[in-house]
Amino acid sequence: MDSGSHCPATALAAAGIVGQWEIDGDSQTVRLDRAGALYRFGNEALAGVDLPVDVIVAVCHPDDLERISAYQQMCLERGGPSLIDHRVILPHLGLRHIQVRGFYGLNERNRVVGRGVLIDMTELVGEPAVTPRVRADMPRLPYAPLFDPLAEAAAHGVEVREALGQTGHGALRLAADLLLFEINTALAERLTVSDKPQPGTADKAG
């Protein structure tokens with residue numbers, strides 16, 4: 001899901017999912033999609049922005065903050081699936097119970113990252129609970145970027161082509177067609193390359 005996605009407008013909302021997140025262990029920053037930024041901060045403009053972890057956890061309930069920080073550090077060190085419940089105090093929503101689910105591992109650049117979803121459990125749960133999962137070895141995270149600039153460009157390119165199709169300007173329509181062709185070619189090449197083993201990855205994975 002890219003930064004333009006909006007969970008509440010989809011079936012994900014029926015499961016209580018109110019946003020997606022991605023954390024970079026090296027830079028200690030977090031990115032949210034549009035739904036997550038709107039839910040946590042009431043501001044869609046923060047979608048896709050690298051926010052310091054301190055900013056993200058600032059809305060946590062004071063009684064849960066230490067537990068959340070310790071669990072997050074454990075996930076960054078050990079990797080694997082994660083699941084933790086805690087409370088947040090949101091200026092626009094008040095006290096909410098949320099569940100953070102995800103997976104931590106090595107990305108294609110061998111950086112430790114975590115990706116997952118935010119679930120609002122306010123109507124279903126009472127006291128927060130933690131169910132940690134531990135792995136002996138750091139797993140490798142499948143490459144699946146939360147934000148895909150090329151895919152977003154393709155979507156906008158289609159809109160531009162459709163609009164220009166109503167203007168009667170043949171040269172502009174041709175330029176839009178060529179742009180879409182190049183974007184789609186780049187997407188296809190990237191998908192093809194991602195399926196092939198990269199030099200040195202076998203040694204790193206071991």
Side-chain angles (χ1 to χ4, degrees), residues 1-3 5 7 12 15-41 46-61 63-88 90 96-121 125 127-149 151 190-191 194-195 197-198 200-206:
M1 181 176 294
D2 59 42
S3 60
S5 62
C7 286
L12 295 178
I17 296 176
V18 292
Q20 296 186 83
W21 55 270
E22 178 176 281
I23 182 172
D24 187 310
D26 290 347
S27 64
Q28 288 291 295
T29 57
V30 177
R31 292 194 298 169
L32 300 170
D33 69 348
R34 182 183 297 175
L38 182 62
Y39 177 82
R40 196 143 190 141
F41 299 108
L46 294 177
V49 177
D50 291 323
L51 301 171
V53 170
D54 291 345
V55 173
I56 294 293
V57 302
V59 298
C60 291
H61 191 287
D63 293 341
D64 295 344
L65 182 56
E66 183 177 351
R67 178 170 57 87
I68 289 296
S69 298
Y71 184 76
Q72 182 182 80
Q73 187 59 37
M74 182 191 75
C75 291
L76 287 170
E77 292 174 355
R78 302 184 181 180
S82 66
L83 186 157
I84 188 168
D85 297 350
H86 68 284
R87 295 163 293 178
V88 292
L90 308 176
R96 309 296 294 179
H97 290 260
I98 67 171
Q99 184 175 92
V100 183
R101 290 176 174 262
F103 191 91
Y104 289 74
L106 299 174
N107 68 1
E108 75 286 354
R109 293 179 296 168
N110 283 324
R111 294 170 69 99
V112 179
V113 302
R115 299 184 180 118
V117 296
L118 301 171
I119 304 173
D120 192 319
M121 305 286 288
V125 302
E127 293 302 315
V130 179
T131 56
R133 298 285 298 277
V134 178
R135 295 176 67 100
D137 301 318
M138 178 66 69
R140 181 160 295 278
L141 191 70
Y143 179 58
L146 182 63
F147 306 101
D148 189 340
R190 186 180 63 186
L191 290 174
S194 67
D195 290 336
Q198 299 299 306
T201 54
D203 294 336
K204 293 180 181 178

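Heavy-atom basis, side chains included; hydrogens, waters and symmetry copies ignored.
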Checklist line | Test log, rule side-chain contact (heavy atoms from CB on, under 4.5 Å), inputs I56 and L32 | finding: CA-CA 10 Å; I56 294 293; L32 300 170; 4.2 Å; yes

Checklist line | Spacing of CD1 belonging to I68 relative to CD belonging to Q73, to within rounding of 0.5 Å | finding: 13.5 Å

Next item on the list: May I ask you to decide if Q20's main-chain N or O and D33's side chain share a donor-acceptor pair within less than 3.5 Å?
Entry: yes

Check: If you measure from CG on L83 to OH on Y71, what distance do you get to the nearest 0.5 Å?
Finding: 6.0 Å

Item checked: Approximate separation, where rounding is to 0.5 Å, of L118 CG and Q99 CD -> 10.5 Å

Check: Quick one: CH2 on W21 to CZ on R40, what's the gap to the nearest 0.5 Å?
Finding: 10.5 Å

Notebook entry, point to check: Considering all heavy atoms of both residues, which atom of R31 and which atom of G48 are nearest to each other, and what is their separation?
Noted result: CD-O, 3.4 Å

Checklist line | Least distance between heavy atoms, A47 atom then A37 atom | finding: N-CB, 3.7 Å

Check: So which heavy atom on I98 is nearest to which on V88, and how close?
Finding: CD1-CG1, 3.8 Å

Notebook entry, point to check: Do the side chains of Q72 and V53 get nearer than 4.5 Å, heavy atoms only?
Noted result: yes

Note to self: Within the structure provided, determine whether Y39 and R96 are in side-chain contact (heavy-atom separation under 4.5 Å).
What the structure shows: yes

Next item on the list: First locate atom CE of M74, then atom CD1 of I84, and finally report the distance between them rounded to the nearest 0.5 Å.
Entry: 8.0 Å

Next item on the list: List the atom of F41, the atom of V59, and the distance in Å for their closest heavy-atom pair.
Entry: CE2-CG1, 4.5 Å

Item checked: Gap between atom CZ of R115 and atom CD1 of I23 - 0.5 Å precision -> 12.0 Å

